[in-house]
Amino acid sequence: MATPFIAGLTVAAAALAGRYGVQAWHAFKTRPATARMRKFYDGGFQPTMTKREAALILGLRESAPPDKVKEAHRKVMVANHPDAGGSHYLASKINEAKDMMLGKTKNSGSAF
């Protein structure tokens, strides 16, 4: 006697779960599109490089360890190297940012 009742409850639970799943999938597919790009720093360069600006250029925190700075410098430099069509100005700013983050700052700033 209890077996048909349990079977009926199981079928009803499966039907409700399926209905909820279809509704959730439909809500997921019809949600508004959102931008998935990272927000980049808006604005130009400071007259003299600051540690904050250097961290923004390399995409790091201001307290990043030297190995992370070198790794980030390499990634950014590969994408912006002058030999690969990048800008000499940006390459000098990237190198200046690496030097600032590693504590090897020069008083002259960038070459440009």
Side-chain angles (χ1 to χ4, degrees):
M1 179 77 180
T3 305
F5 180 72
I6 293 174
L9 282 178
T10 304
V11 169
L16 286 175
R19 180 177 180 213
Y20 176 76
V22 169
Q23 287 175 346
W25 179 254
H26 181 68
F28 175 75
K29 290 305 244 177
T30 59
R31 75 185 191 287
T34 58
R36 295 186 181 188
M37 292 184 59
R38 219 170 104 192
K39 176 79 172 116
F40 291 103
Y41 177 67
D42 295 328
F45 295 112
Q46 302 289 327
T48 56
M49 180 78 62
T50 62
K51 192 150 182 150
R52 179 179 179 273
E53 183 180 23
L56 287 170
I57 290 171
L58 295 175
L60 299 170
R61 294 181 184 264
E62 292 181 38
S63 60
D67 58 326
K68 294 284 186 186
V69 172
K70 290 176 185 174
E71 180 182 336
H73 172 263
R74 185 178 184 285
K75 286 182 183 179
V76 175
M77 200 59 177
V78 164
N80 294 291
H81 198 276
D83 292 345
S87 165
H88 289 280
Y89 179 71
L90 288 178
S92 71
K93 284 298 195 178
I94 293 166
N95 287 329
E96 187 180 354
K98 179 191 77 158
D99 291 342
M100 172 63 73
M101 291 294 289
L102 294 176
K104 302 177 185 176
T105 59
K106 299 177 185 174
N107 293 337
S108 63
S110 124
F112 292 95

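We're numbering straight along the sequence, starting at 1.
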Undergrad: Return the NE2 to CG distance between His81 and Leu90, rounded to the nearest 0.5 Å.
TA: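 Output value for this atom pair is 12.5 Å.
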Undergrad: Which heavy atom of Ala54 sits nearest to which heavy atom of Met101, and what is that distance?
TA: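 Of all heavy-atom pairs spanning Ala54 and Met101, the closest is CB-CG, 3.8 Å.
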Undergrad: For Met49 and Ala97, work out which heavy atoms get closest and say how close.
TA: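 Heavy atoms only, the tightest pair is CE-N, 4.0 Å.
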Undergrad: Just how far is it from atom CG of Asn80 to atom NZ of Lys93, taken to the nearest 0.5 Å?
TA: 14.0 Å
Undergrad: Quick check for you: to the nearest 0.5 Å, what is the distance between Asn95 atom CG and Ile57 atom CD1?
TA: 10.5 Å
Undergrad: I'd like to check the salt bridge (charged side-chain N to carboxylate O under 4.0 Å, His left out) partners of Lys75; sequence neighbours left out, ordered by chain and number.
TA: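 Residues passing salt bridge (charged side-chain N to carboxylate O under 4.0 Å, His left out) with Lys75: Glu71.
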Undergrad: Among Leu102, Asp99, Ile94, Leu60, which residue meets the side-chain contact (heavy atoms from CB on, under 4.5 Å) test with His73?
TA: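 Answer to the side-chain contact (heavy atoms from CB on, under 4.5 Å) test with His73 among Leu102, Asp99, Ile94, Leu60: Ile94.
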Undergrad: To the nearest 0.5 Å, what is the distance between CE (Met77) and NZ (Lys98)?
TA: 9.0 Å
Undergrad: Quick one: OG1 on Thr30 to CH2 on Trp25, what's the gap to the nearest 0.5 Å?
TA: 11.0 Å
Undergrad: Let me confirm one number: the CZ-NZ distance from Arg61 to Lys68, rounded to the nearest 0.5 Å.
TA: 12.0 Å
